[in-house]
There are 2 protein chains.
Amino acid sequence: MLFQVNFKSGKPVYLQLVDQIQAAAASGALAPGEALPSIRPLAEELRVNRNTVAKAYTELESQGVIETLPGKGCFLKENHSPLRKEIRRKLLIEEIDQAIVKAHHLQVPGPEFLKLVEHRMEALEDKRRANEIEKEE
Amino acid sequence: MLFQVNFKSGKPVYLQLVDQIQAAAASGALAPGEALPSIRPLAEELRVNRNTVAKAYTELESQGVIETLPGKGCFLKENHSPLRKEIRRKLLIEEIDQAIVKAHHLQVPGPEFLKLVEHRMEALEDKRRANEIEKEE
DNA sequence: CTCTCTGTCATAGGACTGTATGACAGTTGT
DNA sequence: ACAACTGTCATACAGTCCTATGACAGAGAG
């Protein structure tokens, strides 16, 4: 498992970790029941404070993604699989609702909003592909 | 023109004002060239500091929504109408992109994302209607 | 000019947030 | 029991954000 953080991104380091671990859990790169890297070694490897990693793990536990046994370590929740989809939905719905509320405030009609969403999905997908190609060079 | 702020909402007061004025401008409740309430009286009416209103106006000016003439007052930009739609798009796209990026991080496939968006639009619309009815009682 | 209106800037207080340090408690293997 | 590992908590420091206060400068009416 390889994580990495970016200090200059403006986004808090502990949240970067949360995102990456969420993604790893969602994609199956981390198996249910599997142990996560323990706090101190991971912190050292990332050149980050122990408590920064600890905060990320705390956040993940409150989200029900991992389970932490003091003295033993942190593990991906066993029965995480059936909940996984629901958790992703919940996280995503928060973002989606924000966008819809904004559209309402700006008096953008529903159909136009939907069209805009589809348009941006294509645009971002193209951008992502361009980045992939760039990486290969 | 009636604005109102909520101190307990967690959202900064000056941003609440920005949203409300953006909405008023987008809906045409504020006509192009029309003067906005001047800072001090509005601040007094809202029981808010002068500089809080000033900060909202500064933000709106940097977004190109209003024009401020020191010593005279603040006005909705004259040639704002043709740009209005573009500005709304830009503001909305920021929110939409965040949601799409989140979906990608959570490995939610495009079609499912779109379905979720449609579902939430209905849900929020229902909620809005319920609030309307509640208000009428 | 003077008075009063307009917005602006410098500054500071208070709250919150992200990170860092040290001492602590539970678990495991020797 | 001891040592080496695990996560946890209290605390503190720094930076940022929002708001507040006071002094300032331009515009227009008298």
Side-chain angles (χ1 to χ4, degrees), chain A residues 1 3-22 25 30 33-78 94, chain B residues 1 3-22 25 30 33-78 94:
Chain A
M1 206 56 239
F3 299 117
Q4 56 179 353
V5 295
N6 178 355
F7 290 94
K8 299 176 292 183
S9 77
K11 189 165 191 173
V13 172
Y14 85 97
L15 283 183
Q16 295 180 39
L17 270 179
V18 168
D19 280 348
Q20 290 182 33
I21 297 174
Q22 275 175 356
L30 243 49
E34 188 177 346
L36 277 74
S38 36
I39 291 183
R40 270 161 248 244
L42 178 57
E44 194 175 350
E45 182 188 331
L46 298 178
R47 310 298 215 96
V48 154
N49 191 274
R50 326 189 269 277
N51 249 4
T52 301
V53 177
K55 189 165 187 177
Y57 282 16
T58 303
E59 173 67 19
L60 286 165
E61 176 164 39
S62 80
Q63 288 181 14
V65 177
I66 72 176
E67 188 173 20
T68 155
L69 309 178
K72 301 190 69 176
C74 297
F75 308 86
L76 263 195
K77 271 212 169 170
E78 276 294 353
E94 287 178 25
Chain B
M1 206 54 237
F3 299 118
Q4 56 180 353
V5 293
N6 178 356
F7 289 94
K8 297 176 294 184
S9 77
K11 189 165 190 173
V13 172
Y14 85 98
L15 284 183
Q16 294 182 38
L17 270 179
V18 168
D19 279 348
Q20 289 182 33
I21 296 174
Q22 276 176 355
L30 243 48
E34 188 178 344
L36 278 74
S38 37
I39 290 183
R40 270 161 247 244
L42 178 57
E44 194 175 351
E45 183 188 332
L46 298 178
R47 308 297 216 98
V48 155
N49 192 275
R50 327 186 269 276
N51 248 4
T52 302
V53 177
K55 188 165 188 177
Y57 281 16
T58 302
E59 172 67 19
L60 286 165
E61 177 165 37
S62 80
Q63 289 182 12
V65 177
I66 71 176
E67 189 173 18
T68 156
L69 310 178
K72 300 189 71 174
C74 297
F75 309 86
L76 264 195
K77 271 212 170 170
E78 278 292 355
E94 287 178 24

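Order of the sequence lines sets the chain letters (A, B, ...), proteins ahead of strands, with each chain counted from 1. Computed from heavy atoms alone, side chains included, the values below leave out hydrogens, waters and symmetry copies.
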Holding to salt bridge (charged side-chain N to carboxylate O under 4.0 Å, His left out), I want the full list of residues that pass it with B:Lys72, two or more places apart in sequence or in another chain.
none

Just how far, in rounded Å, is P of D:dT8 from CD of A:Glu67?
12 Å

Pairs under 3.5 Å (N/O, protein and nucleotides 12-18 of chain C):
from   : atom 1 : to      : atom 2 : distance (Å)
C:dG18 : OP2    : A:Tyr14 : OH     : 3.2

With side chains defined as the heavy atoms from C-beta onward, is the minimum distance between B:Val48 and B:Leu17 less than 4.5 Å?
no

Parsed dot-bracket for DNA chain C after applying the Watson-Crick and G-U rules with both distances under 3.5 Å and | for other-strand partners is ||||||||||||||||||||||||||||||

Partners meeting side chain to side chain contact (heavy atoms under 4.5 Å, CB included) with B:Glu34 (sequence neighbours left out):
B:Leu30, B:Ala31

Output yes when at least one side-chain N/O atom of B:Thr52 is less than 4.0 Å from OP1 or OP2 of D:dC18, else no.
no

Name every donor-acceptor pair, under 3.5 Å, that has one atom in a side chain of residues 35-44 of chain B and the other anywhere in the protein, sequence neighbours excluded.
none

Got a sec, which pairs hit salt bridge (charged side-chain N to carboxylate O under 4.0 Å, His left out) with one end in residues 8-20 of chain B, sequence neighbours left out?
A:Lys102-B:Asp19, B:Lys11-B:Asp19

So, is A:Thr58 near the phosphate of D:dG7, with a side-chain N or O under 4.0 Å from OP1 or OP2?
no

If you compare every side-chain N and O of B:Ser38 against the phosphate oxygens of C:dT6 (OP1, OP2), does one of them come in below 4.0 Å?
yes

Which whole-number value in Å describes the distance from B:Ile66 CD1 to C:dT6 P?
15 Å

Given atom CD of B:Glu44 and atom P of C:dT6, what is their separation to the nearest angstrom?
11 Å

Using the side chain to side chain contact (heavy atoms under 4.5 Å, CB included) criterion, which residues pair with A:Pro70? Sequence neighbours excluded.
none

Side chain to side chain contact (heavy atoms under 4.5 Å, CB included) partners for B:Pro12, two or more places apart
B:Tyr14, B:Leu15

Nearest whole angstrom, please: distance from the P of C:dT19 to the CG of A:Asn6.
12 Å

Taking CD from A:Glu61 and P from D:dT6, how many angstroms apart are they, rounded to a whole number?
17 Å

Could you work out, with side chain to side chain donor-acceptor pair (under 3.5 Å) as the rule, every residue matching A:Gln16, not counting sequence neighbours?
A:Ser9

On DNA chain C, compare the nucleotides closest to A:Val48 and B:Leu69; which residue's is nearer the 5' end?
B:Leu69

Name all pairs fulfilling the side chain to side chain donor-acceptor pair (under 3.5 Å) condition that reach into residues 47-60 of chain B, sequence neighbours left out, sorted by first residue then second.
B:Glu59-B:Gln63

Whole angstroms only, please: what is the CD-P distance between B:Gln16 and D:dC18?
12 Å

Closest heavy-atom pair, B:Phe3 versus B:Ile21, reported as atoms and distance to 0.1 Å, is CZ-CG1, 3.6 Å

Given atom OH of A:Tyr57 and atom P of D:dC9, what is their separation to the nearest angstrom?
17 Å

What is the distance, to the nearest angstrom, from the CD1 atom on B:Ile39 to the P atom on D:dT21?
16 Å

For B:Glu61, side chain to side chain contact (heavy atoms under 4.5 Å, CB included) partners two or more places apart:
B:Ile66, B:Thr68

Distances for protein N/O vs nucleotides 21-27 of chain C N/O pairs under 3.5 angstrom?
from   : atom 1 : to      : atom 2 : distance (Å)
C:dT21 : O4     : A:Asn51 : ND2    : 2.7
C:dG22 : N7     : A:Arg50 : NH2    : 2.7
C:dG26 : N2     : A:Gly71 : O      : 3.4

